[in-house]
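Each chain gets a letter, A, B and so on, in the order its sequence line appears, and its residues count up from 1.
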Number of protein chains: 2
Amino acid sequence: MRKRKTLVDVAAAAGVSKMTASRALRGDKDVSKASIERVRAAAREIGYYGNHLAASLSSSRAELIGVVVPALANVVFPEVMSGVSDALRGTGFQPVFGVTEYDTEKEYEIIRSMLSWRPAGLIITGLEQTEATRKLLSGADIPIVQTMDCDGEPLDACVGFSHSKAGYDIAKALLATGRRRIGYAGCNLDKDTRAAKRRQGFLRALADSGVPLAGEVTASGLSSIQSGRKLAEEILKRYPDLDCIYFSNDDLAAGGICYCLETGMAVPEQIALAGFNGLDIIEGFPGRIATSKTARHAIGQAAAGIILEAVKGNGSTGGQRIILEPTISLGALQKA
Amino acid sequence: MRKRKTLVDVAAAAGVSKMTASRALRGDKDVSKASIERVRAAAREIGYYGNHLAASLSSSRAELIGVVVPALANVVFPEVMSGVSDALRGTGFQPVFGVTEYDTEKEYEIIRSMLSWRPAGLIITGLEQTEATRKLLSGADIPIVQTMDCDGEPLDACVGFSHSKAGYDIAKALLATGRRRIGYAGCNLDKDTRAAKRRQGFLRALADSGVPLAGEVTASGLSSIQSGRKLAEEILKRYPDLDCIYFSNDDLAAGGICYCLETGMAVPEQIALAGFNGLDIIEGFPGRIATSKTARHAIGQAAAGIILEAVKGNGSTGGQRIILEPTISLGALQKA
DNA sequence: TTGAAAGCGCTAACAC
DNA sequence: GTGTTAGCGCTTTCAA
């Protein structure tokens with residue numbers, strides 16, 4: 001096909017200089033109305049759509065924002081991305097994404113690769129990065145927002161909540177309903193540091209209350225409804241007297257309730273189930289599963305907002321920390 | 001912070017010219033082993049990580065691949081993205097994403113904005129774009145893959161399957177189990193053209209078999225488990241004699257089964273439910289919901305593969321069409 | 001095998 | 001208000 005249109009083509013078509021065309025297209029002030037109109041018209045006519053590469057190189061700032069998540073299979077992260085995408089809409093910034101698969105080495109490579117696009121900012125998941133990654137990030141000199149977690153020292157800004165506290169709080173809430181034979185079922189705890197933090201908080205609350213953990217099963221690999229079923233089956237076979245199970249998240253809890261209902265157990269009367277996140281799937285079983293509702297979309301929006309603000313301001317996030325605490329939903333558990 | 005490292009810094013540190021450094025870093029042949037090692041070492045030492053912006057501008061091809069999806073709230077699309085991300089891992093290409101919210105005007109703007117990053121290729125969802133968008137795309141002169149659908153004329157390459165056929169086939173399968181009082185419940189049919197195509201195929205199969213549609217309810221807005229509950233409630237109140245409901249997707253079907261189980265209906269003995277996609281959530285109710293399992297991850301992988309192939313080859317996808325047909329899973333329905 | 005020169009398409013900074 | 005001059009940091013081309 002014919003050569004791609006450049007600013008020079010627009011300028012020629014509009015009968016002005018390249019520079020005036022550039023200014024008119026970007027909405028710079030100090031351009032006459034007449035020029036603006038002619039340039040815009042010319043651009044539209046010849047089907048010009050700019051070259052961010054050249055613009056970014058020239059102005060040494062790209063309107064690209066990197067978003068790094070551990071996985072896309074867990075709906076939580078697409079929801080964060082969705083929040084980012086919403087906040088970025090209409091700003092001219094474009095999100096670039098990378099998936100680490102909960103692997104810190106991959107995370108390093110992805111971040112490194114993203115940085116070479118000279119993004120305006122980076123949104124990454126969690127507070128735990130390798131030393132090399134932290135060095136890379138702090139040398140990048142762009143706003144960084146760590147999301148989902150605030151149990152630790154952020155590199156720059158962060159938006160999230162304390163998973164440790166979330167685990168602690170739900171344990172206390174479950175204890176307050178009278179449950180005493182409480183088990184724990186979790187997945188991917190070696191890699192998912194946030195799930196591990198919730199577990200820690202959960203166990204601490206039990207200990208604080210003098211209630212021993214009545215049983216525990218864990219598995220490796222990503223959480224899913226199927227793994228939840230399996231873990232529920234396993235824990236209930238090994239510890240049949242449980243009156244409550246805390247799952248590391250809602251996917252597992254959903255699998256758990258399916259198993260329990262199928263085997264004729266009354267949920268939550270006979271066995272209380274609790275998960276984490278407040279996913280849509282929980283609404284399929286209204287009131288039956290306790291959970292901590294997290295604000296994933298809002299976290300994504302807030303993270304993008306911080307970057308936007310920094311970019312438009314002095315380039316610094318000011319080390320902002322936004323805490324969006326989950327809200328506990330006990331549903332029918334509290335009456336039982 | 002100190003000025004960012006450039007190729008000149010690396011060259012200086014390695015005692016070679018900028019050009020040799022560039023070649024060494026990119027693994028060009030015709031560079032001496034000695035130079036390669038010195039340059040690599042120098043780069044590592046000073047913490048150099050390149051500038052894709054400059055490289056892309058200079059070589060007029062960016063290692064960026066645009067991925068445009070209608071929504072992130074529907075797990076199907078993150079799964080496609082996940083497939084893309086997997087296929088791109090280690091190739092140096094980075095995915096950029098955009099969300100259209102099923103809005104063709106937004107789609108146009110997003111694609112336009114993406115094109116100005118001069119991506120190596122574009123992966124977009126579906127076959128229905130506005131005339132303006134199609135013009136934009138065909139003028140872009142890069143490989144384009146349309147995903148998820150193949151009912152229509154692709155712009156370039158496409159990876160997907162016929163939704164119309166998928167709807168037709170599941171209807172035939174349900175009819176074969178003996179169901180005759182079949183209802184349809186759907187969401188977002190005005191915007192989700194693929195769901196609408198499935199419905200069309202479904203209705204056509206019923207008509208072909210001389211079985212009238214026994215009832216229909218629809219709603220606007222994105223599908224979710226909650227909307228599935230509501231639709232199930234509505235359709236069963238209006239048409240209590242149904243022996244089967246086909247939902248526009250699995251999210252709705254999952255909401256439907258929750259409603260049915262809660263109200264004490266036997267699934268699938270009393271009422272058969274069918275969805276679409278084969279989501280993980282269906283596994284929570286093993287065998288109880290019929291569905292067509294779609295290969296989202298594989299579709300994403302294949303789409304990215306086509307682009308990669310085209311970029312490494314002559315720049316053309318050759319108008320490839322990859323059909324990944326869904327497989328029907330009837331579970332316990334077939335025995336009922 | 002290496003290097004020097006010439007851009008890629010745009011914008012910042014300064015004239016006019 | 002508009003144009004001119006220099007780059008941004010790399011790669012392509014061509015010469016050595």
May I ask you to test the B:V68-B:I111 pair for a side-chain heavy-atom distance under 4.5 Å? yes
Pairwise side-chain contact, B:D149 with B:H163, heavy-atom cut-off 4.5 Å (strictly under): yes
Is there side-chain contact between A:W117 and B:L53, with at least one heavy-atom pair below 4.5 Å? yes
Distance under 4.0 Å to a non-hydrogen atom of chain B counts as contact; along DNA chain C, which nucleotides mark the start and end? C:dT1 to C:dG9
So, do A:Y108 and A:L136 sit near enough that their side-chain heavy atoms are less than 4.5 Å apart? yes
Mind listing the residues from residues 25-39 of chain A sitting with a heavy atom below 4.0 Å of DNA chain C? Number order is fine. A:R26
Looking at A:R23, is its backbone amide N or carbonyl O close enough to the side chain of A:D28 to form a donor-acceptor pair, meaning the two atoms are under 3.5 Å apart? no
OP1, OP2 of D:dT12 versus side-chain N and O of B:R61: anything below 4.0 Å? yes
Roughly, in whole Å, what's the span from CG in B:L53 to P in D:dC10? 10 Å
Heavy-atom nearest nucleotide on DNA chain C for A:S59 versus A:N51: which residue maps closer to 5'? A:N51
Going by heavy atoms in the side chains, are A:N51 and B:R118 under 4.5 Å from each other? yes
To the nearest Å, give me how far apart CG (A:L7) and C1' (D:dG3) are. 13 Å
Test your reading of the model: is there a side-chain donor-acceptor pair from B:S60 to the backbone of B:L57, 3.5 Å cut-off? no
B:Y48 vs B:R23, nearer the 5' end of DNA chain D by closest nucleotide: B:Y48
Would you say that more than 12 heavy atoms from the other residues, nucleotides or ligands in this model lie under 6.0 Å from the CZ of A:R89, or not? yes
Mind calculating the distance between CE (B:M19) and P (D:dC14) to the nearest angstrom? 14 Å
Identify whether any heavy atom of A:R118 sits under 4.0 Å from a base atom; if not, whether one sits that close to sugar-phosphate; answer base, sugar-phosphate or nothing. nothing
What integer distance in Å separates A:K18:NZ from D:dG7:P? 14 Å
Are any non-hydrogen side-chain atoms of A:V311 and A:L308 less than 4.5 angstrom apart? no
Within the structure shown, what part of the strands sits under 4.0 Å from A:S60 by heavy-atom distance: base, sugar-phosphate, or nothing? nothing
Expressed as a whole number of angstroms, how long is the span from B:L57:CG to D:dC8:P? 13 Å
side-chain N/O B:S58 vs D:dT12 OP1/OP2, d < 4.0 Å: no
How many whole angstroms separate atom NE2 of B:H52 from atom C1' of D:dG9? 13 Å
